[in-house]
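Report on one structure; see the data block that follows.
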Amino acid sequence: MKNNKISGAEAVIRCLLEEGVDLVYGYPGGAIMPVYDELYKFKDELHHVLVRHEQGATHAAQGYARATGKVGVAIATSGPGATNLVTGIADAQIDSTPMVCITGQVGKHLLGSDAFQETDIIGISTPVTKWNYQITEASEIPEIIAKAFFIAKSGRPGPVLIDITKNAQFDELEFNYKKCTGIRSYNPKPTLNLEKVKEAADLINSAKKPYIIFGQGIILGQAEAELKILIEKSGIPAAWTILGLSALPTDHPLNVGMLGMHGNYGPNVLTNECDVLIALGMRFDDRVTGNLATYAKQAKVIHFEIDPSEIDKNVKTNVAVLADVKESLQALIPLIESKTHESWHNEFKEKYKIEFETVIKEELTPSKNGGISMGETIEMINKHSNGDAIIVSDVGQHQMFACRYAKFNWTKSNITSGGLGTMGFALPASIGAKMGMPNREVVAIIGDGGFQMTIQELGTIFQTKVPVKIVVLNNEFLGMVRQWQELFFDSRYASTIMTNPNFVAIAEGYHIKSKKITKREELDGAVAEMLASKDSYFLEVMVEKENNVFPMIPTGASVSDIRLK
């Protein structure tokens, strides 16, 4: 009689293929070796990318997921391999990124014995995963992996971790895969209440100064078209969180700019002057709201959100529309009256003029006697990319400059670490973004501090030949921390001065074409050369050491107290 059984390790690979996965990031080790042996056999169907550190696997999977909208996959061994995934998992959790992480584990009979490379990754990862599960029997593999993908991508997306003991990888099972379409007691997509939509529409239609603020929920819910239709019909100005950036083209006339601590002047100040605040797919993060006691107290608040835990968590709502944002906006649009709100728009324009004269003009066209600024570097990238590139930024001053000044024509084009603020995110995330979208130009914008957190992933770029473009804005400081030290700690630069290595020599050691520039007249040609390259390219730009990001809302201050200098 023919044996139709397969090993648990082979079942893992077959499950991934059933879910349409064709690319995974990982790092092998003893407890996951049976799965890697099967990966070797299936290498023509499932491409594995060997990263240089497990954290790099999670960030690469995040970059892939954010650029494509698909589920990213990362694989690691037990013990330190599994714990090295945790930062990326936590980043994916707070930024709602769909990701499935698979870790190996010691044999079932060794659990709890402090065996070699045994770590309770289920206990460790529980606070930072949407769901996790430890498989101890081969027969569990198909059902649990099916659930993992369903949970990761449904509703508000997030990371899932599946830990598989070594015996479950070796043991055999009758393989039968059925995709998961629902789980009892898990309701990822709330039923739309049309009465709430009507209440929202009535408030919006009666408003004199309505204001839309939108977040990544628009991108995750594939509601970009509905957002555009809504604002164009209603004439309502719309501002974005950093994760909502690129859901609406940056040059759209109703796009009024960036919210938050280093956002634009008008969008922040006028939050406290609108009469109806319409929040779409955003969670009222503290970096957006500033002091909650003074945030939009004059306004009626409407919150369109898929996750019930976010409703009234930070900002109390007058109307909460709990549903998929695409579905709810489709119901809302026919009820909205056509308007222009010209005088209200003029208030945003006046505030922009103030910000332009005080901040933007100097940042983008700095004194010829000064050094290169981060803002003008971003503007030069805009010039040569025409707003068509995917920009992957790390965390720090350069991130805020990138979000403030980068131009975007297409959705899913701004990839950054938002909620967790993970230094080291950009280099591996750019690898995932480029592999997911090979026909798009992908530019990583990184500071000299964050670059050294995951600099080893240059090895992944070298081995895979993935043609990412890397721009390190080097001010020889941990710039954002230094800015706070200057403004709030009397310029006591405690442990923020960086003595850096020769970055160009390191990149060239990985056979990546490299250039360092120190003068403004070199910038245009260097960026043009980088973006014209068919291969990966490393560009180091020596920028002004004490170039601060303004505007800025000091911690604990109101959005109305935003500082221009």
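- Atom CH2 of W240 sits about 8.0 Å away from atom CZ of F408, to the nearest 0.5 Å.
- With hydrogens and angles disregarded, no donor-acceptor distance shorter than 3.5 Å links the side chain of T165 to the backbone of G107.
- Atom CZ of F489 has 12 or fewer neighbouring heavy atoms from other residues, nucleotides or ligands inside a 6.0 Å radius.
- Once rounded to the nearest 0.5 Å, the distance linking CZ of F451 with CE of M498 reads 11.5 Å.
- Without hydrogens or angle criteria, Q216 side chain to D95 main chain gives a donor-acceptor distance under 3.5 Å.
- Checked options Q399, Q55, M453, H59; the residue passing with F425 is H59 (criterion: side-chain contact (heavy atoms from CB on, under 4.5 Å)).
- The heavy-atom pair separating A31 from Q105 by the smallest distance is CB-N, 3.7 Å.
- Counting non-hydrogen atoms of neighbouring residues, nucleotides and ligands closer than 6.0 angstrom, the CH2 atom of W131 exceeds 12 such neighbours.
- Ring pair Y186/F150 is perpendicular by interplanar angle, where above 60° counts as perpendicular and below 30° as parallel.
- Residue F116 holds its CZ atom at 12.5 Å from CG of L110, rounded to the nearest 0.5 Å.
- No side-chain donor-acceptor contact under 3.5 Å links T496 to the backbone of F477.
- Contact record, L85 with A76: CD1-CB, 3.8 Å, taken as the closest heavy-atom pair.
- P190 approaches I306 most closely through the heavy-atom pair CG-O, 3.5 Å.
- Here the CD1 atom belonging to I144 is positioned 12.0 Å from the CD1 atom belonging to I102, to the nearest 0.5 angstrom.
- Between the side chain of E118 and the backbone N or O of D114, at least one donor-acceptor pair lies under 3.5 Å.
- K179 approaches Y177 most closely through the heavy-atom pair CG-CE2, 4.0 Å.
- One finds the NE2 atom of H303 at 9.5 Å from the CG atom of L322 (value rounded to the nearest 0.5 Å).
- Listed for the R156 side chain is no donor-acceptor partner under 3.5 Å among the backbone atoms of D307.
- Taking the centre of each ring, Y510 and F538 stay at or above the 6.0 Å mark.
- The side-chain tip of K43 points at the ring of Y40 from less than 6.0 angstrom away and within 45° of straight on.
- Not one N or O on the side chain of E18 forms a donor-acceptor pair closer than 3.5 Å with the backbone of C15.
- Between the side chain of S413 and the main chain of T411, a donor-acceptor pair closer than 3.5 Å is present.
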Do E45 and D22 pass the side-chain contact (heavy atoms from CB on, under 4.5 Å) test, and can you show the C-alpha distance, the side-chain angles, and the key distance before you say yes or no?
-> CA-CA 7 Å; E45 298 168 71; D22 57 8; over 6 Å; no
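- At a threshold of 4.5 Å between non-hydrogen side-chain atoms, the residues I219 and S246 count as touching.
- Within a 6.0 Å sphere centred on NZ of K465, other residues, nucleotides and ligands contribute more than 12 heavy atoms.
- A distance-only check finds a donor-acceptor pair linking the side chain of Y36 to the backbone of Y27 [under 3.5 Å].
- Atom CE of M282 and atom CZ of F284 lie 5.0 Å apart (nearest 0.5 Å).
- Aromatic ring centres of H48 and Y25: separated by at least 6.0 Å.
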